[in-house]
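None of these values were measured; they are calculated from a predicted model.
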Amino acid sequence: MTVIDPDTQPGWVADVDEEDVADDMPLSTRLSIADTLTLGNAICGFMAVYFTTTGVLIPHLTGNEDGGMARHSAAMAVILMLLASIFDLFDGLVARKLRASAMGAELDNLSDLISFGLAPAYFVVTWGMVAPDSHQRVSVVAAVVVLLAVVLRLARFSCVTLRDGIFQGMPSPFGALTVVAIVLLELPFVPTLLAIIGVAWLMVSRVEYPKPRGRLAVAMLSWIVLSMGMLAAWALDAPGGQTLLQTGCSLQIVLGAMIPVFATARRVNTFRDNRREARSAQVQQIQ
């Protein structure tokens, strides 16, 4: 027979106040406002894959292709990637202004992997299956290259500390949108393939890109909103919609190509200036 001391609290009786449990939760498990924006980024990436599958890939595989539906779904998928980049832009700004949770950096990397790694890579795979002059297996290789470039870039971002105000390698949102712009431009297969691989290389390169802050952030946000308008006009088959789409895609590709050129030229000029200063200092010491 077991006797229970009434003054001793049984281990199996637990009257726990739910509010006390919430208060005792570690800060690492609480979501901040910035984390909510980051989760919105992940949702947009997943929905981009959904629209690409249901509106472009499945109708092509089943033979129920409708040009209008495919156009609407492709435009919606890209608009969702653009919306994901807006979430990605604002979650960092909000995190700097307000409290950021301990999970913020991890959530940001995981969400970026979905929206700017998986979604554009899947878009490339779908292009390889739908486009008449493409080669499916080769396009899969290009998609894998894009995905691995984003994975490596995000991993390096978490490990390498750089001076404030710059990224090393093309940022994954910018790279993803450039890859999608290359596909939407409908160039021949080989130039499209080479351009996609080139963007993947830029993402893992050591080329320095400025962080979107201040006026640059405003300019980037304006460009994203303008791109959404171009895609909507193209999807609705508005007059000049195709021209607007081609113009927007071309500008995106030009920006992706020109930023590394300017960054490299600035780095070379800085290196030359440093060498001149070093030589001048040596001459003065000799004199």
Side-chain angles (χ1 to χ4, degrees), residues 27-52 75-121 123 149-151 153-158 160-181 199 202-203 208-232 248-249 251-252 255-256 259:
L27 291 176
S28 60
T29 62
R30 299 180 185 178
L31 295 176
S32 65
I33 298 176
D35 295 336
T36 305
L37 295 174
T38 303
L39 293 177
N41 173 7
I43 293 171
C44 288
F46 173 78
M47 293 306 296
V49 173
Y50 169 79
F51 277 100
T52 304
M76 192 64 196
V78 181
I79 287 174
L80 284 165
M81 292 185 215
L82 289 166
L83 187 59
S85 65
I86 292 179
F87 280 122
D88 184 65
L89 177 65
F90 277 100
D91 65 1
L93 298 176
V94 172
R96 286 191 290 270
K97 296 293 184 180
L98 304 175
R99 179 182 63 87
S101 74
M103 296 190 298
E106 299 299 330
L107 286 176
D108 188 60
N109 280 346
L110 293 171
S111 298
D112 286 354
L113 180 58
I114 296 172
S115 298
F116 311 124
L118 176 62
F123 200 84
V150 174
V151 170
R153 196 209 174 283
L154 293 174
R156 186 177 65 183
F157 177 77
S158 301
V160 177
T161 302
L162 301 172
R163 70 176 187 271
D164 189 41
I166 67 164
F167 289 120
Q168 191 177 74
M170 180 182 285
S172 53
F174 193 85
L177 297 177
T178 306
V179 167
V180 171
V199 173
L202 285 173
M203 283 193 280
E208 295 180 351
Y209 287 76
K211 288 187 177 180
R213 294 178 181 176
R215 294 181 179 178
L216 184 59
V218 175
M220 180 174 291
L221 180 62
S222 302
W223 171 247
I224 291 172
V225 173
L226 181 62
S227 299
M228 287 182 173
M230 293 178 182
L231 284 164
C249 291
L251 288 175
Q252 178 71 31
L255 287 174
I259 290 177

Practice task
Grab the two heavy atoms, one from Met203 and one from Met170, that are nearest each other, plus how far apart they are.
Solution key: CG-O, 3.5 Å
Fill in the blank from the handout: Residue set satisfying side chain to side chain contact (heavy atoms under 4.5 Å, CB included) with Ser115, at least two apart, ordered chain then number -> Asn41, Ala84
Handout entry: Asp108 CG to Leu39 CG distance, which is reported to the nearest 0.5 Å
Key = 10.5 Å
Practice task
Please say whether more than 12 non-hydrogen atoms of neighbouring residues, nucleotides or ligands are located less than 6.0 Å from CD1 in Ile224.
Solution key: yes
Practice task
First locate atom OG1 of Thr38, then atom CD of Glu106, and finally report the distance between them rounded to the nearest 0.5 Å.
Solution key: 12.0 Å
Problem - Side chains of Trp223 and Leu251 in contact at under 4.5 Å (non-hydrogen atoms) - result: yes
Practice task
For the residue pair Tyr209 and Leu202, establish whether any side-chain heavy-atom pair is separated by less than 4.5 Å.
Solution key: yes
Fill in the blank from the handout: Output for pair (Met220 CE, Ser227 OG), nearest 0.5 Å, gives 11.0 Å
Problem - Atom pair CG/CG of Asp112 and Leu107 - distance to nearest 0.5 Å - result: 10.5 Å
Problem - Donor-acceptor contact present, side-chain Ser172 to main-chain Val150, <3.5 Å - result: no
Handout entry: Note, Gln168 side chain near Phe157 side chain (heavy atom, < 4.5 Å)
Key = no
Practice task
Indicate yes or no: at least one non-hydrogen side-chain atom of Val179 is less than 4.5 angstrom from one of Met81.
Solution key: no
Handout entry: Residue pair Met228 / Leu83, side-chain heavy-atom distance below 4.5 Å
Key = yes
Handout entry: Asp88 side chain near Phe116 side chain, heavy-atom distance below 4.5 Å
Key = yes
Practice task
Compare all side-chain heavy atoms of Leu82 with those of Leu231 and state whether any distance is below 4.5 angstrom.
Solution key: yes
Handout entry: Separation of Leu89 CG from Lys211 NZ (nearest 0.5 Å)
Key = 12.5 Å
Practice task
Can you measure from OH (Tyr50) to CD1 (Ile43) and round to the nearest 0.5 angstrom?
Solution key: 15.0 Å
